[in-house]
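This report concerns only the one structure given below.
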Amino acid sequence: MQNQYDPATLEAEVQSYWVNNKTFEVTEDLEKEKFYCLSMFPYPSGKLHMGHVRNYTIGDVIARYQRMLGKNVLQPMGWDAFGLPAENAALKNRVAPAGWTYENIDYMKQQLKRLGFGYDWQRELATCQPEYYKWEQWLFTELYKKGLVYRKHAVVNWDPVDQTVLANEQVIDGRGWRSGALVERREIPQWFIKITDYADELLEEIDQLEDWPDQVRTMQRNWIGRSYGVQMDFGIEGEKDHLTIYTTRPDTLMGVTYVAVAAEHPLALRAAEQNPALAEFIEECRQGGTSEAELETIEKKGMLLGVNAVHPVSGELVPVYAANFVLMTYGTGAVMAVPGHDERDHAFARKYGIQIKQVIQPKDGSTLDIQAEAYTEKGVLQDSGPFTGQTSEDAFESIAGWLQAKGKGGKSKNYRLRDWGVSRQRYWGAPIPMIHCTHCGIVPVPLKDLPVRLPEDIVYDENTINPIKNNPEFSDCTCPECGGDAQRETDTFDTFMESSWYYARYTTPGADSMLDQRANYWLPVDQYVGGIEHAVLHLLYARFYHKLMRDAGLVNSDEPFTRLLTQGMVVADTYYRDQSDGSKHWYNPTEVDVSCDDKGRPLSATLKEDAGSVEIGGIEKMSKSKNNGVDPQTLIDRYGSDTVRLYTMFTSPPDQSLEWSDDGVEGAYRFIKRLWALAETSQDQLSQSLPTEIEYDDSQKEARRELHELLKKALYDYQRQRFNNVVSACMGMTNILYKLGDSTADLAIVKEGLSLVLRLLAPIAPHVTHHLWQTLGFGNEILESEWPEPDEQALKQESLPYVVQVNGKVRATIQVPADADKPAVEKIALENENVKRFIGDSTVRKVIVVPNKLVNVVAK
RNA sequence: GCCCGGGUGGCGAAAUUGGUAGACGCAAGAGACUUAAAAUCUCUCGACCUUAGGGUCGUGCCGGUUCGAUUCCGGCCCCGGGCACCA
């Protein structure tokens with residue numbers, strides 16, 4: 001009687017085997033090649049979502065694959081534990097963020113264990129632990145001493161009703177998410193780290209990150225955005241002062257017809273003292289959020305200051321506008337405007353009736369209607385005084401030279417990248433270890449006083465938004481330098497600070513320093529896996545942080561992550577009903593029945609609860625707001641971890657989005673049961689030893705050839721991380737084995753085939769393969785087995801199929817002896833009846849033979 | 001608005017990188033087993049035409065390069081990710 005496949009029991013047994021054998025606990029071993037495989041750690045939001053399951057399955061598959069290749073594999077896990085959701089939960093449920101966070105960690109950790117991920121839990125960390133954030137506080141004080149940290153004013157979203165700073169996420173259509181009040185831009189002093197000092201290195205080393213997706217490398221290059229341009233001074237009429245601007249198009253300088261400054265620019269503020277309308281306009285410009293997407297899409301508005309700027313070359317006076325799209329805190333707070341050759345300036349000029357001048361003509365000499373449309377290409381200068389007739393490229397040099405000679409400017413390198421603002425006006429984060437002393441000024445907290453602990457024992461009531469602001473118990477302190485009364489900084493770090501170095505801390509658990517020598521054994525991370533949404537910010541900050549740690553002597557590599565895999569999103573169908581107030585109420589796919597037409601296309605959907613119809617809202621990223629998340633726990637309980645893992649690997653390639661389907665999970669389950677049944681039915685025969693010399697007949701040889709062909713493909717797909725194709729190949733191999741009979745030779749092929757399929761699947765479905773490997777007597781530990789290789793002998797063929805095309809269209813398939821040369825292949829192709837028929841009366845002009853593939857006959 | 005991706009059957013996808021488009025799986029249909037259902041197994045499955053040999057069309061749309069284009073080039077449309085305080 002064959003055993004039933006019972007994943008719950010089986011998986012628990014295999015998991016305790018791993019725990020008892022400390023299978024995934026690793027130490028530095030100089031005898032073996034190391035492999036550090038890391039998945040982006042989760043924010044402990046409550047429970048795992050499908051995106052986590054996908055991310056960690058991909059990581060675990062890679063880790064186990066590398067381990068089966070014989071490497072010393074480190075795969076750790078931890079928690080990105082500081083952040084906004086804990087504060088939101090605290091406000092909603094009156095619970096302290098710390099407790100909420102630790103409870104979530106406990107639950108999610110148990111879920112990760114249930115999925116069978118091979119983590120070394122000894123190295124687990126949570127970024128809200130003082131022993132963790134102590135060291136980033138320390139590094140920050142060191143950077144301050146080196147001059148890499150400074151303080152300046154920067155804009156934040158201010159909610160005037162709740163009297164609090166809002167995250168961009170909390171600004172919805174320009175209003176505070178809780179209060180609904182119009183948000184204002186406000187400037188407050190904040191801490192910055194000089195990432196721009198490392199801009200060139202961060203940019204240039206992207207070229208060496210060969211195993212990163214091109215997409216991510218391009219995004220980082222564009223984000224850093226190094227440009228070469230010219231900086232120059234415009235005079236201000238009747239004043240000694242001047243406005244400094246930067247442009248990448250100095251060749252258009254003679255086409256400047258106005259200058260725009262930020263509404264908060266001192267020049268604008270001064271002009272507003274005499275001009276109530278301007279003062280009102282400046283006030284209006286303060287409204288709205290700070291996000292770039294918002295600033296770039298707002299209606300461009302401006303107002304004359306009544307002040308003129310002096311053109312640096314012509315000496316002409318051009319009007320100065322205050323404009324809502326120029327920001328005081330970016331660049332110099334002033335821009336030159338060339339409506340003839342810039343689209344935004346053109347639109348603005350048309351709106352306010354400003355002169356539009358053409359100073360560039362196309363190189364092909366064509367004429368333009370510059371009043372109708374800006375010409376933004378490079379060309380030849382016209383009406384540009386001494387520079388007329390030069391090409392844009394030449395004019396760049398000569399204008400820069402002219403400005404430099406007159407002491408009015410010169411060439412300048414510029415970056416789009418801005419310094420990293422790390423201050424957050426929030427409670428649930430790592431305190432910034434700085435002290436404000438009335439005598440000594442700013443004093444960093446010395447190492448002996450670190451960590452600056454965040455009080456966790458906090459009572460929340462309805463008025464508590466930030467329990468450490470205006471809290472003398474936290475902020476009162478003595479100055480480490482003069483011993484006098486002083487105040488602690490009450491802002492906390494951006495949570496990107498914690499996520500920028502956790503990968504390094506995993507390598508040195510328990511170290512009484514930021515890192516120790518163990519870090520240089522494991523680093524850099526060989527494979528990093530995480531969502532594409534982190535392509536720029538997190539991955540750029542982590543690269544930066546690695547260089548900071550290198551320059552502090554803590555690591556000896558330049559880059560933290562050698563190979564990067566950015567996984568796609570998990571998406572699912574959405575269903576909703578329109579509400580009377582115009583909003584939509586979203587239903588979870590599990591609450592809905594969908595009816596389909598005879599082709600299987602969805603026609604309509606009804607709610608299970610009341611049988612009434614619901615709208616089909618299309619496929620979207622799984623999210624709380626669209627209520628289309630599928631709880632992985634339900635699936636794990638029903639099918640087991642192997643099925644969930646296999647399904648997520650099989651459904652789409654790791655870097656593409658994964659569309660959820662319950663039926664697909666059923667299919668993955670069916671495959672595992674098929675594999676199980678095959679192994680169990682023939683278990684008795686298979687576990688016996690079979691003769692070593694076996695004569696295979698032609699169809700058995702063909703079966704073996706196909707098996708090894710699929711094996712070859714699977715191995716190739718492991719290398720290029722197309723795990724969906726690996727699963728396809730395993731399914732194909734299993735189908736071949738199912739067609740075999742029970743002769744000794746057939747059984748030998750089944751046994752051989754199973755040993756291949758089990759090893760190929762071991763990284764993906766580790767529990768069932770571990771069990772079957774033992775059952776069939778292949779060995780005790782599949783993870784320690786030899787990684788399979790195709791049998792070249794089995795792959796040999798006597799004749800090969802060729803496709804024959806006539807003028808590019810397939811007309812026949814022919815069998816050609818494997819050793820035939822090109823003329824022989826050509827001869828066989830031209831003798832084919834159907835080929836002859838399509839050549840007909842026309843003459844054969846050319847015959848193209850692609851070895852082992854196809855013949856194309858060109859006939860006219 | 002700016003930067004980066006993606007678009008292939010009813011659906012998820014494959015095509016070893018310019019060489020047979022649709023492997024593998026889901027759904028659907030037919031059949032076998034069963035008193036029946038479930039499970040399992042077998043077959044069919046891009047569209048249209050067909051004298052049943054096969055033929056024509058087909059990889060978002062329009063054009064180009066090539067003996068040959070899902071793949072390369074140019075232009076467009078649609079969908080998604082990021083935009084510095086969500087993580």
Side-chain angles (χ1 to χ4, degrees), chain A residues 40 42-43 45 80 83-85 156-157 165-171 213-216 218-219 221-223 225 290-298 300 325 343-344 416-418 420-421 423-426 494-496 499 531-538 540-541 566 568-569 571 596-602 618-621 650-653 655-668 670-671 673-674 677 712-713 716-717 720 722 724-725 727-732 735 738 801-805 807-810 813 834 845-848 850 853-859:
Chain A
M40 289 181 187
Y43 178 79
S45 53
D80 189 14
L84 208 48
V156 293
N157 302 302
V165 174
L166 298 178
N168 283 339
E169 190 192 47
Q170 299 170 317
V171 179
D214 285 338
Q215 171 192 5
V216 175
T218 308
M219 279 195 265
R221 275 189 202 103
N222 292 341
W223 185 265
T290 59
S291 79
E292 188 178 316
E294 195 172 328
L295 294 168
E296 289 288 326
T297 49
I298 48 168
K300 308 290 184 286
F325 57 89
E343 275 165 26
R344 189 176 69 180
R416 207 188 75 93
L417 179 71
R418 303 194 301 262
W420 181 8
S423 297
R424 296 293 180 270
Q425 298 68 44
R426 312 204 186 290
D494 176 7
T495 56
F496 278 127
S499 57
I532 183 67
E533 66 273 21
H534 297 292
V536 177
L537 288 175
H538 161 62
L540 190 65
Y541 289 138
T566 49
M569 300 170 302
V571 297
C596 299
D597 65 10
D598 54 354
K599 290 254 167 129
R601 277 176 284 232
I619 294 163
E620 309 241 17
K621 178 178 175 172
F650 175 58
T651 298
S652 42
D655 55 352
Q656 280 180 31
S657 61
L658 185 156
E659 195 174 316
W660 190 258
S661 130
D662 286 338
D663 291 326
V665 184
E666 193 70 46
R670 200 173 296 156
F671 169 65
K673 281 194 295 185
R674 256 166 83 77
K712 213 169 132 182
K713 190 176 153 45
Y716 173 69
D717 283 319
R720 56 174 197 157
R722 303 284 284 211
N724 54 328
N725 291 352
V727 178
S728 286
C730 290
M731 287 173 168
N735 290 345
Y738 254 88
Y802 271 72
V803 162
V804 187
Q805 300 180 331
N807 293 325
K809 292 195 173 170
V810 179
T813 37
N834 211 39
R845 309 268 166 165
K846 198 158 122 189
V847 180
I848 292 146
V850 182
K853 281 235 165 77
L854 115 173
V855 179
N856 189 14
V857 181
V858 185

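In the text below, chain A, chain B and the rest are named by the order of the sequence lines, each starting its count at 1.
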Contacts of type salt bridge (charged side-chain N to carboxylate O under 4.0 Å, His left out), residue A:Lys300, not counting sequence neighbours: none
Options B:rA87, B:rA13, B:rU20, nucleotide nearest the side-chain atoms of A:Gln656: B:rA13
Between CD on residue A:Glu292 and OG1 on residue A:Thr297, distance to nearest 0.5 Å: 10.0 Å
A:Asp214 CG - B:rC4 P separation (whole Å): 12 Å
Gap in Å between the two P atoms, one belonging to B:rU17 and one to B:rU66, rounded: 23 Å
Sugar-phosphate, base or nothing in reach of A:Ser45, heavy atoms under 4.0 Å: nothing
Side-chain touch A:Thr495/A:Tyr43, heavy atoms, less than 4.5 angstrom: no
Pair assignment for RNA chain B - dot-bracket with | for other-strand partners, Watson-Crick or G-U under 3.5 Å: (((((((..(((......[....))).(((((.......))))).((((....))))..(((((..]....))))))))))))....
Length of the CG-C1' vector between A:Leu540 and B:rC4, whole Å: 15 Å
For A:Asp663, all residues meeting salt bridge (charged side-chain N to carboxylate O under 4.0 Å, His left out), sequence neighbours excluded: none
Closest non-hydrogen atom pair between A:Leu84 and A:Ala167, with its separation: CD2-CB, 3.8 Å
Minimum heavy-atom distance A:Leu537-A:Phe496, with the two atoms named: CB-CZ, 3.9 Å
Separation of A:Ser657 OG from A:Ile532 CD1 (nearest 0.5 Å): 12.0 Å
Can you give me the N/O atom pairs linking the protein to nucleotides 22-26 of chain B at distances under 3.5 Å, or say none if there are none?
from, atom 1, to, atom 2, distance (Å)
B:rA23, N1, A:Ser728, OG, 3.2
B:rG25, OP1, A:Asn735, ND2, 3.0
B:rC26, OP1, A:Arg670, NH1, 2.7

Touch class at under 4.0 angstrom, heavy-atom based, for A:Pro801 against every strand present: nothing
Syn or anti conformation of B:rU17, syn meaning chi within 90° of 0: syn
Any A:Cys730 side-chain heavy atom under 4.5 Å of A:Phe671 side chain: yes
Would you tabulate the pairs of protein nitrogen or oxygen atoms and nucleotide nitrogen or oxygen atoms of nucleotides 52-58 of chain B closer than 3.5 angstrom?
from, atom 1, to, atom 2, distance (Å)
B:rG55, OP1, A:Arg811, NH1, 3.2
B:rU56, OP1, A:Arg811, NH2, 3.3
B:rU56, OP2, A:Arg811, NH1, 3.1
B:rC57, OP2, A:Lys809, NZ, 3.0

B:rG54 to B:rG68 separation - C1' atoms, rounded to the nearest Å: 22 Å
Set of side chain to side chain donor-acceptor pair (under 3.5 Å) partners for A:Ser291, sequence neighbours left out: none
Rounded distance [0.5 Å steps], CZ in A:Arg722 versus NZ in A:Lys713: 9.0 Å
Pairwise P distance for B:rA69 and B:rA32, with rounding to whole Å: 46 Å
Nearest-neighbour nucleotide for the A:Arg720 side chain, B:rG1, B:rA15, B:rA13 considered: B:rA15
Interatomic distance where CE belongs to A:Met569 and C1' belongs to B:rA87 [whole Å]: 15 Å
Rounded distance in Å - NZ (A:Lys853) to P (B:rA15): 13 Å
Distance-minimising heavy-atom pair for A:Thr566 and A:Pro213: OG1-CG, 3.8 Å
Inter-nucleotide C1' distance (B:rG81, B:rA27), Å rounded: 30 Å
Set of residues satisfying side chain to side chain donor-acceptor pair (under 3.5 Å) with respect to A:Asn735, sequence neighbours excluded: A:Arg674
Separation between the C1' atoms of B:rA13 and B:rC24, rounded to whole Å: 8 Å
Atom-pair distance (CD on A:Gln215; C1' on B:rG81), nearest Å: 8 Å
Sugar-phosphate, base or nothing in reach of A:Val847, heavy atoms under 4.0 Å: nothing
Touch class at under 4.0 angstrom, heavy-atom based, for A:Thr495 against every strand present: sugar-phosphate
Sugar-phosphate only, base, or nothing, as touched by A:Thr651 at under 4.0 Å among non-hydrogen atoms: sugar-phosphate
Minimal non-hydrogen separation, A:Leu295 against A:Ile298, with atom names: O-CG1, 3.1 Å
Touch class at under 4.0 angstrom, heavy-atom based, for A:Met40 against every strand present: nothing
Residues forming a salt bridge (charged side-chain N to carboxylate O under 4.0 Å, His left out) with A:Glu533, sequence neighbours excluded: none
Syn/anti state for B:rG53 [syn: chi within 90° of 0]: syn
N-glycosidic conformation, B:rG75 - syn within 90 degrees of 0, else anti: anti
Touch class at under 4.0 angstrom, heavy-atom based, for A:Tyr738 against every strand present: nothing
Residue met sooner reading RNA chain B from 5', once A:Ser652 and A:Asp80 are mapped to nucleotides: A:Ser652
Nearest-angstrom distance from the residue atom CZ of A:Arg722 to C1' of B:rA13: 10 Å
Gap between atoms CG and C1', on A:Asn222 and B:rG1 respectively (whole Å): 15 Å
Least distance between heavy atoms, A:Tyr802 atom then A:Leu854 atom: CD2-N, 3.7 Å
Pull out every protein N or O sitting under 3.5 Å from an N or O of nucleotides 63-72 of chain B, one pair per line with the distance.
from, atom 1, to, atom 2, distance (Å)
B:rC67, O2, A:Asn856, ND2, 2.4

Enumerate the protein-to-nucleotides 82-84 of chain B contacts in which both atoms are nitrogen or oxygen and the separation is below 3.5 Å.
from, atom 1, to, atom 2, distance (Å)
B:rC83, O2', A:Glu292, OE1, 3.1
B:rA84, OP2, A:Glu292, N, 2.9
B:rA84, O2', A:Arg418, NH2, 3.4
B:rA84, N7, A:Arg418, NH1, 3.4
B:rA84, N7, A:Arg418, NH2, 3.4
B:rA84, N6, A:Arg416, O, 2.8
B:rA84, N6, A:Arg418, NH1, 3.4
B:rA84, N1, A:Arg418, N, 2.9

Distance between P atoms of B:rA23 and B:rA47 (Å, rounded): 13 Å
Note, A:Asp655 side chain near A:Gln215 side chain (heavy atom, < 4.5 Å): no
Partners passing side chain to side chain donor-acceptor pair (under 3.5 Å) against A:His538 (at least two apart in sequence or in another chain): A:Tyr528
Sugar-phosphate only, base, or nothing, as touched by A:Gln425 at under 4.0 Å among non-hydrogen atoms: base
Those residues that, when tested against A:Gln425, pass side chain to side chain donor-acceptor pair (under 3.5 Å) (two or more places apart): A:Asp491
